[in-house]
There are 2 protein chains.
Amino acid sequence: MKSVDITHRLNVFQEACERLGLKITHQRMEIYRAVIMTENHPDAVSVYHRVKKRIPMISLDTVYRNLKLLAKHGLISIVGLSQESLRFDGNMTPHHHFACVKCGMIRDFNSPAIGHLPIPEEVKGFGSPVSVHLEVKGLCATCKKSSRRN
Amino acid sequence: MKSVDITHRLNVFQEACERLGLKITHQRMEIYRAVIMTENHPDAVSVYHRVKKRIPMISLDTVYRNLKLLAKHGLISIVGLSQESLRFDGNMTPHHHFACVKCGMIRDFNSPAIGHLPIPEEVKGFGSPVSVHLEVKGLCATCKKSSRRN
DNA sequence: CATGATAATAAGAATTATTCCTAATTGAGA
DNA sequence: TCTCAATTAGGAATAATTCTTATTATCATG
Ligand SMILES: [Mn+2]
Ligand SMILES: [Mn+2]
Ligand SMILES: [Zn+2]
Ligand SMILES: [Zn+2]
């Protein structure tokens, strides 16, 4: 992502925090920045290490607290398979995921066909859907290769 | 599920174990039975408690070990949101899930439309897809009610 | 049916991810 | 500037899952 886009997103984020009554702290800004800077759907520890380069005294708890808070307010989202640690996604435009069941790699993809799928009536009876998301599980190219060797 | 169906599935399971070289132990059979007996996508502790009624000395470790082993061999599957403990699903026919982000309730649904979705070419470049699964997240009817009260 | 190899088990310890606790600090409105 | 609720760092606590080890059970084979 280009640095001009980052700057723009940080501005939008700051406005969102104001609107939501969240204080704009150095830690919060850097945590958000670390999430949107990567396409890797990082986990909390990975975010922690990135932020630590800029704020050496940051605590892991602060990272968790903010990631969860931002997710609660819909500024980032929590993704990933249930077998692993939490993974965070700064890309809030609707999209889908390919997830490798072996190494945990998660890649984005889009699908116009899936974009406007009708949600079955049956589902509305369960409750209020908020998001619809296609999860393709499998082996990534790298893991497929390494498993062939065995 | 009718008891005749359960019996049939246990027979099929037993054959699958033989084919895979897995020993047919009392614990393994009861763990599998507990998973297929419910539509609730139970977690490991819940399976543990059900099995304990029939095998009081069962250990939680044995439950985990078997659930993971059976999942590895494709006899059951692991589902659920990444924020929670592992949830297991004995229904191996293709289907989709509605998941409540608040209480963790997971309900099955089918969709002929989704059944034969084309997987985008882009995705095949990431690796070998094994399963395609639609995840609808939202608030279940019960949680929606209780959150209105606040 | 008895036996031996080996897979599987129970129990509890260990590990890991995540959350909680508390005292100190800080952002932002008055 | 002053005030105070929100936020933080650091460490302790918790909860889910996995590991270790001694014991037991399954099942192929004789
Ligand atoms: Mn994504
Ligand atoms: Mn299901
Ligand atoms: Zn992989
Ligand atoms: Zn619910």
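Basis for what follows: all heavy atoms, side chains included, without hydrogens, waters or symmetry-related copies. All chains are named by letter (A, B, ...) in the order of the sequence lines, taking the proteins before the strands, and each is independently numbered beginning at 1.
- Between A:L70 atom CG and D:dT7 atom C1' the separation is 13 Å, expressed in whole Å.
- Side chain of B:R28 to backbone of B:N66: no donor-acceptor contact under 3.5 angstrom is found.
- To the nearest angstrom, C1' of C:dT26 lies 13 Å from CD1 of A:I55.
- DNA chain D is contacted by both B:I24 and A:L22; A:L22 maps to the nucleotide lying nearer its 5′ end (nearest heavy atom per residue).
- Rounded to whole Å, atom C1' of C:dA7 lies 12 Å from atom NE2 of B:H73.
- Atom CE of A:M57 and atom C1' of C:dT26 are 16 Å apart (whole Å).
- The side chain of A:T25 places no N or O atom within less than 4.0 Å of a non-bridging phosphate oxygen (OP1 or OP2) of C:dT26.
- Classification of the A:Y32-A:F13 ring pair by plane angle, with boundaries at 30° and 60°, yields parallel.
- In this structure, the nucleotide among C:dA10, D:dC27, C:dA28 sitting nearest to the side chain of B:I58 is C:dA10.
- Atom CG in B:L60 sits roughly 13 Å away from atom C1' in C:dT9 (whole-Å rounding).
- Here C:dA10 presents its P atom at 15 Å from OH of B:Y64, a figure rounded to the nearest Å.
- Residues A:D61 and B:A44 each lie close to DNA chain D; by heavy-atom proximity, the contact nearer the 5' end of the strand is made by A:D61.
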Between B:D89 and B:H95, does a side chain to side chain contact (heavy atoms under 4.5 Å, CB included) hold up when you go through it step by step?
CA-CA 11 Å; B:D89 193 344; B:H95 65 281; 3.1 Å; yes
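- In this structure, B:E84 places its CD atom where more than 12 heavy-atom neighbours from other residues, nucleotides or ligands lie under 6.0 Å away.
- With rounding to whole Å, A:M29 atom CE is found 16 Å from C:dT26 atom C1'.
- Side-chain nitrogen and oxygen atoms of A:K68 include at least one within less than 4.0 Å of the OP1 or OP2 phosphate oxygen of C:dT19.
- Note on A:Q27: every side-chain N or O is 4.0 Å or more away from OP1 and OP2 of C:dT26.
- Listed nucleotides C:dT18, C:dA11, D:dT8 differ in distance to A:R28; the shortest reach to its side chain belongs to D:dT8.
- The base of D:dA25 lies outside donor-acceptor range of the side chain of B:K23, with no N or O pair under 3.5 Å.
- Under 4.0 angstrom from either OP1 or OP2 of D:dT8 there lies at least one side-chain N or O belonging to A:R65.
- Residue A:T62 has a polar side-chain atom (N or O) positioned under 4.0 Å from OP1 or OP2 of D:dA9.
- A continuous path of Ile, Leu, Val, Met, Phe, Trp and Tyr side chains, each step under 4.5 Å between heavy atoms, connects A:F88 with A:L20, placing both in one hydrophobic cluster.
- Between A:N66 atom CG and D:dA6 atom C1' there is a gap of 11 Å when expressed in whole angstrom units.
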